[in-house]
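What follows is a single structure, written as structure tokens, with notes after it.
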Amino acid sequence: MTARGNLFIVSAPSGAGKSSLISALLRDQPVDMQVSVSHTTRQPRPGEENGQHYHFVNQDEFKSLIADEAFFEWAEVFGNYYGTSRVTIEQTLAKGIDVFLDIDWQGAQQVKKLMPESIGVFILPPSKTELERRLTGRGQDSAEVIAGRMAQAVSEMSHYNEYDFVIVNDDFDKALADLLAIIRSQRLTSASQIHTQNGMIKDLLAG
Ligand code: 5GP
């Protein structure tokens, strides 16, 4: 029997470095996992590809997906809709592959309710000043959008204690190592090892 994959939820305020951490993790680290590609009604940013960063849909398409119960969770964030496909998550986990959900606190609350064994990780910036610097430095959004996101960041961060783990992204490499440690420890729980080391454990315990 294949063990189900682990479901990791990663949330952070915009500018905490969540996307860079997840990309670096998948690119450089020996972890076998997939990041779920969400549906969204927001416009693509420069460089974003449909189907790779998001499935970009219009409001009507999103609403019909809600009506079809196609979403595992969905939420309105910054005036746009975002949702995680139910079928994709279920199929990937059933294959024994770990899945990362890069979603906000509203989605995280829904996922925790539906799947209490999921592992929540919240990423905090080291300070408000640094967060503001990072949001400005990104250069993709207007001053108005940045000001709005700073206000949203405070509200997003107030949910940090609803997560199992908190990483402070001050030093990028350390934050990446912290994230990897969380994933590794999850794979070393006895519940996981019973599946992954099944043959070996049976052999060890054979009389
Ligand atoms: P952005 O527009 O900057 O890519 O994402 C804005 C926020 O929406 C981020 O906090 C991101 O984690 C969140 N988000 C992205 N996809 C989903 C999703 O499928 N569900 C929920 N609830 N939030 C999402």
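The analysis underlying the following values was restricted to heavy atoms, covering all of them including side chains, and did not include hydrogens, waters or symmetry mates. Just follow the structure's listing: the first ligand is 1, and inside any ligand the first atom is 1.
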Short list, please: which atoms of ligand 1 are under 4.0 Å from a heavy atom of [X]?
X: Gly83; result: 18 (C), 19 (O)
X: Arg42; result: 1 (P), 2 (O), 4 (O)
X: Gly107; result: 22 (N)
X: Val77; result: 7 (C), 8 (O)
X: Ala75; result: 22 (N)

Flag the pair [X] and [Y] as a salt bridge only when some basic side-chain nitrogen lies within less than 4.0 angstrom of an acidic carboxylate oxygen.
X: Lys112; Y: Asp164; result: yes
X: Asp178; Y: Lys174; result: yes
X: Arg134; Y: Glu130; result: yes

Query raised in the report: Where the closest heavy atom to atom 16 (N) of ligand 1 is concerned, which of Pro44, Ser85, Ser38, Ala153 has it?
Result: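 The nearest heavy atom belongs to Ser38.
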Query raised in the report: Which of the listed options, Arg45, Glu156, Glu73, Lys18, holds the heavy atom that is closest to atom 10 (O) of ligand 1?
Result: Lys18
Query raised in the report: Judged by atom type as modelled, is there a donor-acceptor pair below 3.5 Å linking the side chain of Thr88 to the main-chain atoms of Ser85?
Result: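 Side chain of Thr88 to backbone of Ser85: no pair is present.
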**Report entry** Location of contacts on Gln109 toward ligand 1, heavy atoms closer than 4.0 Å
**Finding:** neither
Report task. Under the salt bridge (Lys or Arg N to Asp or Glu O under 4.0 Å) rule, what do Glu48 and Arg42 come out as? Steps first, then yes or no, please. Result -> CA-CA 12 Å; Glu48 283 185 336; Arg42 86 148 160 75; 2.8 Å; yes
Query - Minimum side-chain heavy-atom gap Tyr163-Ser11 below 4.5 Å - result: yes
Query raised in the report: Taking side chain as C-beta onward, heavy atoms only, is Met115 less than 4.5 Å from Leu93?
Result: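 Yes, close enough: below the 4.5 Å cut-off.
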Counting both backbone and side chain atoms, is some N or O of [X] under 3.5 Å from an N or O of ligand 1?
X: His39; value: no
X: Tyr54; value: yes
X: Trp74; value: no

**Report entry** Whether Gln152 lies under 4.0 Å from ligand 1, heavy atom
**Finding:**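 No; Gln152 lies far enough from ligand 1 that no heavy-atom distance drops under 4.0 Å.
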Query - Sub-4.0 Å heavy-atom contact, Phe78 with ligand 1 - result: yes
**Report entry** Trace of the side chain to side chain contact (heavy atoms under 4.5 Å, CB included) decision for Ser38 with Thr40
**Finding:** CA-CA 6 Å; Ser38 297; Thr40 184; 5.8 Å; no
Query raised in the report: Do the numbers put Arg86 on top of the ring of Phe71, so that NZ or CZ is under 6.0 Å from the six-membered ring centre and no more than 45° off the axis?
Result: no
